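Structure record follows, encoded as structure tokens.
Keep in mind that this is a model prediction, so the values were computed, not measured. Throughout, a chain's letter reflects where its sequence line sits, starting with A, and its residues are numbered from 1.
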Amino acid sequence: MEGKFAGVIINRLALNIDRMFHYSIPDGLLGKIDIGSHVTVPFGNGNKTVDGFVLSLSNHSDFDGTLKEILSVSESGPLFDREMLSVCQFLKQKYFCSYISAVKTVLPPGSGRKNKVSDKLIRGSVLNVPYDEAFDALEKLRDKAPKQCKILELLIQNDFVADSDILFLTGAGYQAIRALKDKGLARQETVEVFRLPIDYESIPRSASPVLTEEQQYAVDRICASVTENQNNTFLLHGVTGSGKTEVFLNCIEKALEIGKTAIVLVPEISLTPQMVTRFAARFGKKIAVLHSALSMGERADEYKRIKSGEARVVVGARSAIFAPLKNIGVIVIDEEHETSYKAENAPTYHAREVADFRAKQHGAAFVLASATPSVESFYQAKQGNYQLISLTRRPTAQNLPTVAVSDMREEIKNGNRSCIGLSLQREIRKNKEQGEQTILFLNRRGFSTFVSCRSCGFVIKCKNCDVSLTYHKAKNSLTCHYCGYTIKKPEVCPNCASSFIKEFGAGTQKVEEELHSLFPDLSVIRMDVDTTSVKSSHRAILEKFDKEKIDILLGTQMVAKGLDFPNVTLVGVLAADQSLFVDDFRAGERTFDLITQVCGRAGRGEKQGRALIQTYMPENSVICQAQEQDYLSFYENEIELRRQLNYPPFCDIISVLLTSPVLNGLLSYAKKLARSIHIVMQKDYDGAFELLGPSETSVTKINGRFRQRIWIKCKMNRKAEDIFARLRSYHINEKNPHINMVIENNPFGAI
DNA sequence: ATTGCCACATCC
DNA sequence: GATGTGGCAATC
């Protein structure tokens with residue numbers, strides 16, 4: 001804590017005060033203020049005070065004017081340290097967010113709010129005299145006051161006993177406790193208890209099972225990095241059920257052994273009790289969990305346990321990457337391809353990139369794990385930047401499910417208009433007869449609708465961008481949301497001239513109705529956003545499916561991942577094509593992943609599993625590769641496409657999104673900006689770049705705001721970062737009263 | 001965001 | 001001249 005001057009970020013969202021303000025530290029506060037301190041300062045005209053966070057300390061200030069003094073500092077000490085400050089700077093630079101939003105993402109849970117999360121305190125008693133005296137008193141009280149005597153015994157045995165426990169265990173009343181206090185034998189105390197999201201008592205500890213040769217090899221490689229403080233990145237590519245989790249657990253064990261800590265990121269959806277239990281069984285109270293289902297109190301308390309060093313392994317969703325651990329030995333990202341690792345609000349960070357940054361700072365091993373790695377990560381592995389480790393076998397001699405494809409064009413030809421084809425109907429029936437369960441997955445992603453031909457499967461795509469054109473009902477037009485290319489919706493299929501050309505879309509409710517009429521004797525349970533709006537019902541539905549042996553579980557994305565029911569032997573993918581043709585260059589990757597994951601839900605028990613993929617385009621390469629469960633072919637194909645069209649990992653894509661409640665002026669401003677960006681890029685950027693748009697977004701209006709987007713494809717580097725930071729300041733200085741700008745680095749999806 | 005300041009309009 | 005309003009710049 002050095003320096004008489006502090007750089008403070010004001011806790012306000014206004015963009016034009018998003019910079020450091022300097023204050024002098026009064027003598028009374030010297031030594032109490034450090035980086036991360038939460039302070040109140042005078043700000044602006046009048047005697048208004050605001051709160052803010054200290055981001056820098058120095059001995060001199062080059063501000064020419066009289067500095068004001070810091071008024072007060074929060075008693076509870078700094079809210080983040082220098083490492084987290086560097087993370088904030090990383091977030092600001094890479095994701096073009098304000099200082100304050102960067103700071104807020106690393107703050108302890110609850111501390112950004114007005115009403116602070118209160119500590120949970122319990123009242124109890126402690127011994128107030130040395131043991132000798134207590135024993136003497138015990139004898140004196142033996143006959144006269146048996147209740148007090150019992151309490152005294154409790155206090156001798158335990159350092160602290162909660163009042164409620166005393167009452168429960170001894171049957172005494174408050175008078176007895178008070179009597180002991182009056183005698184000076186006991187003293188009232190209040191301690192803080194942590195609200196623990198996990199019931200550790202109920203989870204028996206378990207040791208590592210014997211590892212397979214492949215698992216052991218992976219553990220050895222990663223552990224070597226952990227023990228030698230080497231920041232290596234590993235891509236753990238393992239088929240579903242190949243025991244990746246066991247590999248993490250062993251690496252973490254090693255890290256703990258040598259006094260280091262670990263972070264494990266899991267997608268929110270797979271942060272199931274099953275998963276958490278596995279970690280708790282291995283590491284007990286050394287783990288802390290962080291995810292959105294926790295109450296504010298639980299979150300705050302888990303954070304404290306991490307900060308204090310009691311919890312040394314953090315298992316959590318995306319934001320757990322900001323856990324304030326010291327001396328991190330290994331960071332694991334499970335299912336690293338999952339899109340939920342990308343934040344949707346500012347700062348729109350990708351947990352993988354933040355993890356990479358932190359791993360470098362700690363000299364930690366960085367492990368990315370997936371059965372279907374992101375194309376970006378696999379490319380890094382192929383380039384030799386990541387070390388590729390493959391797990392090709394399942395520890396239990398269980399076979400992968402067999403996958404078959406069912407051609408829905410045939411169904412249409414045969415007059416079956418149902419979204420459940422005859423082969424799938426047969427399989428569902430067969431499963432019922434064998435007393436086994438079925439999961440049906442309805443692939444329905446994104447907001448946009450594409451147009452396809454029911455007769456030949458042809459999908460109308462953009463000439464320039466290799467993404468599907470999006471259907472706009474009002475205009476009866478088709479538009480590309482990358483470059484703006486627009487055509488009128490054709491009346492007949494350009495490929496086969498059939499008039500069965502229509503926009504796509506079927507909901508789970510409709511499918512549910514159909515299932516009821518096709519199989520009146522089968523029980524169906526539906527799981528999607530509508531049925532799971534209540535927080536706990538997600539789990540309740542799955543429990544019901546399992547316990548009551550419901551015949552069919554029908555759902556969207558939610559049923560694709562992480563479920564593990566041994567009696568499920570059949571998985572049906574209702575419209576595999578759907579996710580192939582959203583207006584996103586990652587559509588192929590998404591589809592391959594979804595089909596692979598959902599097929600992996602079949603045959604997790606003893607019995608052989610099977611999956612049936614319904615599609616209008618069985619010859620599509622992604623569908624074929626998913627059927628073969630051939631990731632490598634998929635990757636080779638996809639990386640070639642990305643190379644040809646210059647998509648990540650060959651370049652970065654920056655989105656400049658402009659929104660305004662009034663249409664007037666938005667487009668002209670967007671065009672003006674696009675021209676300026678082009679000029680500046682030509683002047684100041686050293687390398688090839690491409691500028692697309694401005695174009696309308698697939699959802700033209702959100703929250704009453706119209707949207708225009710400019711895309712810039714270039715390789716992100718310091719010069720590009722600088723250009724976009726300048727673009728942001730330029731827009732702020734423009735003080736355009738209506739138009740908002742959001743710059744995003746490699747956004748996911750194109751809404 | 002919030003404030004004070006300045007120019008200018010409005011009132012009687 | 002007194003009072004009111006909108007744009008605008010500055011906030012350590």
Side-chain angles (χ1 to χ4, degrees), chain A residues 1-74 78-80 82 85 88-89 91-93 95-105 107 111-116 345-347 657-662 664-666 668-669 672-673 703-705 725-743:
Chain A
M1 311 198 192
E2 48 171 295
K4 278 218 37 114
F5 304 104
V8 173
I9 290 299
I10 305 301
N11 187 11
R12 276 198 182 146
L13 297 158
L15 290 173
N16 45 353
I17 55 165
D18 177 41
R19 59 202 150 94
M20 204 91 86
F21 289 91
H22 297 272
Y23 290 86
S24 65
I25 302 171
D27 293 344
L29 294 179
L30 269 175
K32 289 189 179 173
I33 286 172
D34 201 351
I35 284 177
S37 288
H38 192 194
V39 293
T40 57
V41 290
F43 189 72
N45 294 314
N47 347 333
K48 289 280 173 202
T49 68
V50 294
D51 70 313
F53 301 92
V54 175
L55 260 63
S56 75
L57 292 172
S58 60
N59 281 313
H60 68 95
S61 161
D62 33 9
F63 178 70
D64 40 315
T66 37
L67 289 180
K68 294 181 180 175
E69 285 188 341
I70 291 182
L71 299 171
S72 70
V73 57
S74 155
L79 297 176
F80 53 90
R82 281 172 167 76
L85 172 63
C88 289
Q89 281 154 350
L91 291 176
K92 178 165 170 61
Q93 183 177 325
Y95 304 105
F96 313 109
C97 66
S98 61
Y99 272 115
I100 194 66
S101 54
V103 166
K104 281 190 170 173
T105 49
L107 247 32
S111 57
R113 320 177 340 146
K114 276 236 172 68
N115 35 350
K116 267 206 238 154
N345 299 317
L657 178 68
L658 299 163
T659 67
S660 166
V662 285
N664 201 0
L666 178 62
S668 56
Y669 184 68
K672 188 180 99 180
L673 278 188
N703 282 334
R705 298 185 74 89
R726 272 157 53 202
L727 173 66
R728 186 167 167 270
S729 333
Y730 171 81
H731 177 258
I732 292 165
N733 288 331
E734 276 290 284
K735 295 186 180 42
N736 199 312
H738 306 297
I739 301 176
N740 226 337
M741 174 193 280
V742 179
I743 306 175

*Could you tell me the separation between the CG atom of A:D51 and the C1' atom of B:dA1, rounded to a whole number of Å?*
13 Å
_Holding to ring pair (Phe, Tyr, Trp, His ring centres under 6.0 Å), I want the full list of residues that pass it with A:F43, two or more places apart in sequence or in another chain._
A:F21
*Considering non-hydrogen atoms only, spot the tightest contact between A:K4 and A:N59 and give its length.*
N-OD1, 3.9 Å
_Any side-chain to backbone donor/acceptor pair from A:R12 onto A:I17? Under 3.5 Å, distance only._
no
*Using modelled atom types only, decide if a donor and an acceptor are shared between the side chain of A:H738 and the backbone of A:N664 within a distance under 3.5 Å.*
no
*asked:* A quick test of your reading: do over 12 heavy atoms of other residues, nucleotides or ligands sit less than 6.0 Å from CG of A:N345?
replied: no
_Generate the contact string for nucleotides 5-12 of chain C. Rules: B means base contact, S means sugar-phosphate contact only, - means no protein heavy atom under 4.0 Å._
------BB
